[in-house]
Amino acid sequence: MTELAKTFEPGPIEARWYEHWEGQGLFRPGRPTAEPFTIVMPPPNVTGSLHIGHALDNTLQDILVRHARMQGKDSLWVVGMDHAGIATQMVVERNLDSQGLKRADMGREAFIDHVWEWKAQSGGQITRQLRRLGASCDWANERFTMDEGFTKAVIKVFVELYNRKLLYRAKRLVNWDPKFQTAISDLEVENREVQGHMWHFKYPLADGQTYTYVEKDEDGNVVLQEERDYISIATTRPETMLGDGAVAVHPGDERYRPIVGKLCEIPVGPKEHRRLIPIILDDYPDPDFGSGAVKITGAHDLNDYGVAQRNGIPMYRLMDGTAHMRSDGPSYEESSTRAVAIARGASATPEEIDALNLVPEAYRGLDRYDARKAVVADIDSEGLMIKVEDKLIMQPFGDRSGLVIEPMLTDQWYVDAETLAKPAIEAVRSGDIAVVPETWKKTWFNWLENIQPWCVSRQLWWGHRIPAWYGYDLEAFQADDGSSGLKQVGIKAFVAESEADVREHALAYVREIGLTARPGQEDATPFAENENKALELWMRGDGYPLWQDPDVLDTWFSSALWPFATLGWPEQTHDLERHFPNDVLISGFDIIFFWDARMAMQGFEFMKERPWKTLYLHGLVRDAKGQKMSKSKGNTVDPLGLIDQYGADALRFTLAAMESQGRDIKLDEKRVEGYRNFATKLWNAARFLQGNGIGASQSIAAPEASLPVNRWIIGEVVETLAKLDKAFAELRFDDMADAIYHFTWGTFCDWYVELVKGELSGATARQGEGGGDDETRAVAAWAFDQILVMLHPFMPFVTEELWHSMGERPYDLIVAKWPEPDAQVHLEAKQEIEWLIELVTAIRSGRTELNVPPGAILPLRLGGGSRGIALERVINNRSNLKRLARVEYGGFGPLEGTNDFTKAHWDELAAKYVEEVQKGSLFVSAQDFEGFIPLAGIIDLDAERGRLSKAMEAAEKDRDSLAARLNNPAFTERAKPEAVEKARADHDARAAEAERLSAALARLG
């Protein structure tokens, strides 16, 4: 036994034990034949640091893994990091900027080498921080989404999807970040409400046509009728008018029925070359919003893109990758002339439409906001601006760049998510994948049943480079000498896992075409750095040149393979065979689309089964007021700071205790402080046991016990374990924490320790309380060991420290066996001890409420409602009642020294003494016991009644005032939610206070 320090200090304990566990390989003990249990950690970004969401997510996972490990399972918690394409590139570029270096100047290979150097030196700090949290991962097999094995898996999946016709290249609208010049996912977009403007413009009808514009009220009465030669359009982005392909109105909007199908003029650009666009019908416009007519700019607006697709409207791209107006391509005159012909019915390929530049020369090269000012000024100068309104608008911002995202029509690689989603939908519907809580099933179905193609390409350098190479489409190439027409005939893609395979495919293609115009062309397929270099090789006649796609894959594409690629796939490894599918995935609900669903899709596609048996979705961690945490609000919480102040165990237990299915967590630092006190309580209980010669238990099974208090605590252990096992089975983390907390603090520390102090001090001479110190020491040691085992998954550090401090152990607690006590709950002992606790609690509460002097030992008399067994219990627990409640048995004097508890004798005595019950006593009851404690001469009864009455009246007044406030809709509907919530809490508190004081008055009689 190692004597514990007086004060519990978590810091040194945590550092020492984590190093020990990891150094001894205890996170993955060798259990090759045991039942497997597997969790994969959502891979944190290599650039990341531990935030409170990570702390919650990984605490929940660690609780499950430690529990399974103690159950004897082959527990594997897969750990690793995500290469975080855009985030890492941003960090490294910023690092280069500080050294006066630019990525573009370095070149791709040198830049990637620099990123790897950065990762080795600075990346991955979060893995060190996870260790501080106590995460018991399989660090020996840590993975990285760009390690050699994982990269092999990623490339294979891309090629297989392409070969299965489930992955393709297409031009579609994406979220474009002008700073990083790449497409980004919806998850990387923050929508913010900002102050903006709504401009209203006239689009003149073609050829001077007019129509009668009529507005009516709800009753059909005409409120406005006038002749118009224009249609009114409202927009928050005037610069995009240059790319309009149509104006849409609702089919039910009678105002515009006369001009549907006609052409109108975009009121900007050189007058002689102004474009005409058609007025079309579509369900998208809202007749009651604005003018009811909507300009359709399919290449720069998500909603417009859908309208354009449905109606075959051309989509004209206006901006380059930096969100400046295009300066490439043909002149505005040439482009506008061609666009007008298309509007009048001429056919055009998507490639031809994309090549047209409909930005007038005066605006070319301008930043989009400068172009906006110029467009507005030019339209206004012609008198075609109707009005401008100040308006709050929602704008999308890149979460890392901070710039406004530009919807952009670009060539990207897409996965056929609709096809891949089908087995994932059916798995949840059939129960093959359990979703906890089940309320998230609706979200799962809603998203997957309406899923759009998944854009998986990114215009970055850091990441898995897309395994696609391009060459010229020789089937369409008609030029005799290759000197012209190359750009117009298009390109052909070759997708393969290696350059050797690509070269083989390209040679086969050349031979199939039979092109032998140049010597060596059938045998040479040189690789070029880019398309421009390839063109030079072609022009020189150097074979059939190939160039690789410069883009990389979306980070989510690679992380979607995490459940099986981390286990060795595509190789058929031992770990893959044993640990796939995983048992459970713990995930925040906010990535259910971006990661969870995609893992399910890829799991079914490549492993032909579910990636995990259960998907558990937890909520967000908010601040104490329920507000979402953000740096701008200044309400973020640093988990490492909490660990420094209160210890990792306290933070872990807080997060587990507050994790209630389907709810967000309102994190209050006082809760963390409270659970630090819980750890201290446990520490002090261990010190008490040591001080009484109690150390490590010598028995895994419950010791034999005869004393009621010992039989009771053994039964409480059994019941607590049953509650824990049920909560683990149902993934009820709050119920788990509640069960072990109340047993440890309340049942064991507050009551069992207090009840056995008499046994341990030798005060056992009273009647009915035979000597039991050896028995009690054995039972106390065993019960405390069970606490340490059951509490370990939640508070691993302090429990491991106490486990070893209590005596010599053959093994560490982290690999101890989860309790399976075969003891029974002793009902008679349970009833007696619960009766004693209830009675002591009632007496203590009454003494406190009535200001009875703490040191006064008072007589306890039995009331007439009691029964014989109650008297027997009072007699048997006289020493505990005196020590714990400061009362002495003071009723039915003739019973002193007798054991006659027959009903007849009891009824005779009850009738004799019941009349002693009188005013001025503290009434107490517990189960079938009723008693009273005379207080005359102990307190001033009249003064106490007055004090209680006054306090009760104040509490009732506050209660009623708050109730009236809460019943007033003007308050509950208009006040801030936190104000209403506080009023409810105050009302409940004052109501409880009034009830307590009323009960205290009643006790006085």
Side-chain angles (χ1 to χ4, degrees), residues 170-174 176 178 181-183 201 203 235 237-247 263-278 295-301 304-305 308-309 312-379 404-412 459 484-491 531-532 535:
K171 188 181 293 292
R172 295 175 60 91
L173 205 67
V174 298
W176 186 266
Q181 299 183 50
T182 180
F201 299 119
Y203 277 42
T235 179
R237 305 179 65 209
E239 70 279 9
T240 63
M241 294 166 59
L242 300 166
D244 288 354
V247 169
L263 298 176
C264 61
E265 179 182 284
I266 299 174
V268 67
K271 288 185 178 181
E272 63 273 21
H273 302 305
R274 286 203 176 153
R275 284 200 301 121
L276 299 176
I277 55 176
K295 61 189 265 329
I296 304 302
T297 317
H300 290 279
D301 183 275
D304 293 1
Y305 177 74
Q309 281 191 311
I313 302 300
M315 293 180 271
Y316 298 110
R317 184 169 51 89
L318 300 174
M319 301 177 201
D320 62 20
T322 64
H324 285 70
M325 309 308 286
R326 285 175 57 189
S327 55
D328 65 318
S331 67
Y332 177 74
E333 178 182 353
E334 180 182 346
S335 298
S336 178
T337 300
R338 181 64 178 133
V340 170
I342 294 170
R344 293 186 182 277
S347 61
T349 65
E351 290 77 16
E352 181 184 0
I353 290 171
D354 187 65
L356 296 177
N357 186 350
L358 293 171
V359 179
E361 277 73 13
Y363 307 143
R364 293 190 178 191
L366 291 179
D367 173 81
R368 53 185 164 170
Y369 300 115
D370 292 333
R372 176 180 299 177
K373 294 176 184 176
V375 167
V376 170
D378 288 348
I379 296 176
V404 174
I405 294 304
E406 184 63 44
M408 192 81 77
L409 196 63
T410 60
D411 289 308
Q412 305 286 348
Q459 290 63 54
S484 64
L486 291 177
K487 289 291 187 179
Q488 283 68 45
V489 299
I491 56 176
E531 185 177 359
N532 290 332
L535 179 59

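Excluded from the calculations below are hydrogen atoms, water molecules and symmetry mates; all remaining heavy atoms, backbone and side chain alike, are included. Only a predicted model underlies this, so the values are computations on that prediction, with no experimental measurement involved.
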Looking only at heavy atoms, which two atoms of [X] and [Y] are closest? And how far apart?
{"X": "Ala355", "Y": "Pro330", "result": "O-CD, 3.4 Å"}
{"X": "Gly321", "Y": "Trp176", "result": "O-NE1, 2.7 Å"}
{"X": "Gln459", "Y": "Ala183", "result": "OE1-N, 2.9 Å"}
{"X": "Gly298", "Y": "Ala308", "result": "CA-CB, 4.2 Å"}
{"X": "Val376", "Y": "Pro238", "result": "CG2-CG, 3.7 Å"}

Contact check, side chains of Arg275 and Glu265, non-hydrogen atoms, under 4.5 Å: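 Counting from C-beta outward, Arg275 and Glu265 never come under 4.5 Å.
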Student check: side-chain heavy atoms of Phe201 and Val268 closer than 4.5 Å: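 Of all side-chain heavy-atom pairs linking Val268 with Phe201, none is under 4.5 Å.
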Residue that, paired with Thr240, satisfies side chain to side chain contact (heavy atoms under 4.5 Å, CB included) out of Thr297, Asp301, Val375: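 Going through the options one by one, the only one that passes is Thr297.
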Restricting to side chain to side chain donor-acceptor pair (under 3.5 Å), what partner residues turn up for [X], sequence neighbours left out?
{"X": "Asp378", "result": "Tyr363"}
{"X": "Thr410", "result": "Gln412"}
{"X": "Glu352", "result": "Arg338"}
{"X": "Arg274", "result": "Glu382"}

With rounding to the nearest 0.5 Å, note down the distance linking [atom1] in [X] to [atom2] in [Y].
{"X": "Lys171", "Y": "Met408", "atom1": "NZ", "atom2": "CE", "answer": "11.0 Å"}
{"X": "Thr337", "Y": "Ile342", "atom1": "OG1", "atom2": "CD1", "answer": "11.0 Å"}
{"X": "Leu358", "Y": "Met241", "atom1": "CG", "atom2": "CE", "answer": "13.0 Å"}
{"X": "Met315", "Y": "Asp354", "atom1": "CE", "atom2": "CG", "answer": "10.0 Å"}
{"X": "Arg364", "Y": "Leu318", "atom1": "CZ", "atom2": "CG", "answer": "10.5 Å"}

List for me each residue that meets salt bridge (charged side-chain N to carboxylate O under 4.0 Å, His left out) alongside [X], sequence neighbours excluded, and say none if there are none.
{"X": "Asp370", "result": "none"}
{"X": "Lys373", "result": "none"}
{"X": "Asp244", "result": "Lys295"}
{"X": "Arg368", "result": "Glu406"}

Pro407: side-chain contact (heavy atoms from CB on, under 4.5 Å) partners, not counting sequence neighbours: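 Pro407: side-chain contact (heavy atoms from CB on, under 4.5 Å) contacts with Leu173, Arg237.
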Donor-acceptor contact below 3.5 Å, side chain Glu239 vs main chain Tyr369: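 Between the backbone of Tyr369 and the side chain of Glu239 there is no qualifying donor-acceptor contact (under 3.5 Å).
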Check: Asn357 main-chain N/O paired with Ser335 side-chain donor or acceptor under 3.5 Å: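 Yes, the answer is positive, given that a donor and an acceptor are paired below the 3.5 Å cut-off.
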side-chain contact (heavy atoms from CB on, under 4.5 Å) between Met325 and Leu242, intermediate numbers included: CA-CA 10 Å; Met325 309 308 286; Leu242 300 166; 3.9 Å; yes
Inter- and intrachain pairs under side-chain hydrogen bond (donor to acceptor under 3.5 Å, both in side chains), touching residues 322-334, at least two apart: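 Output for this query lists Asp320-Thr322, Thr322-His324, Arg326-Asp328.
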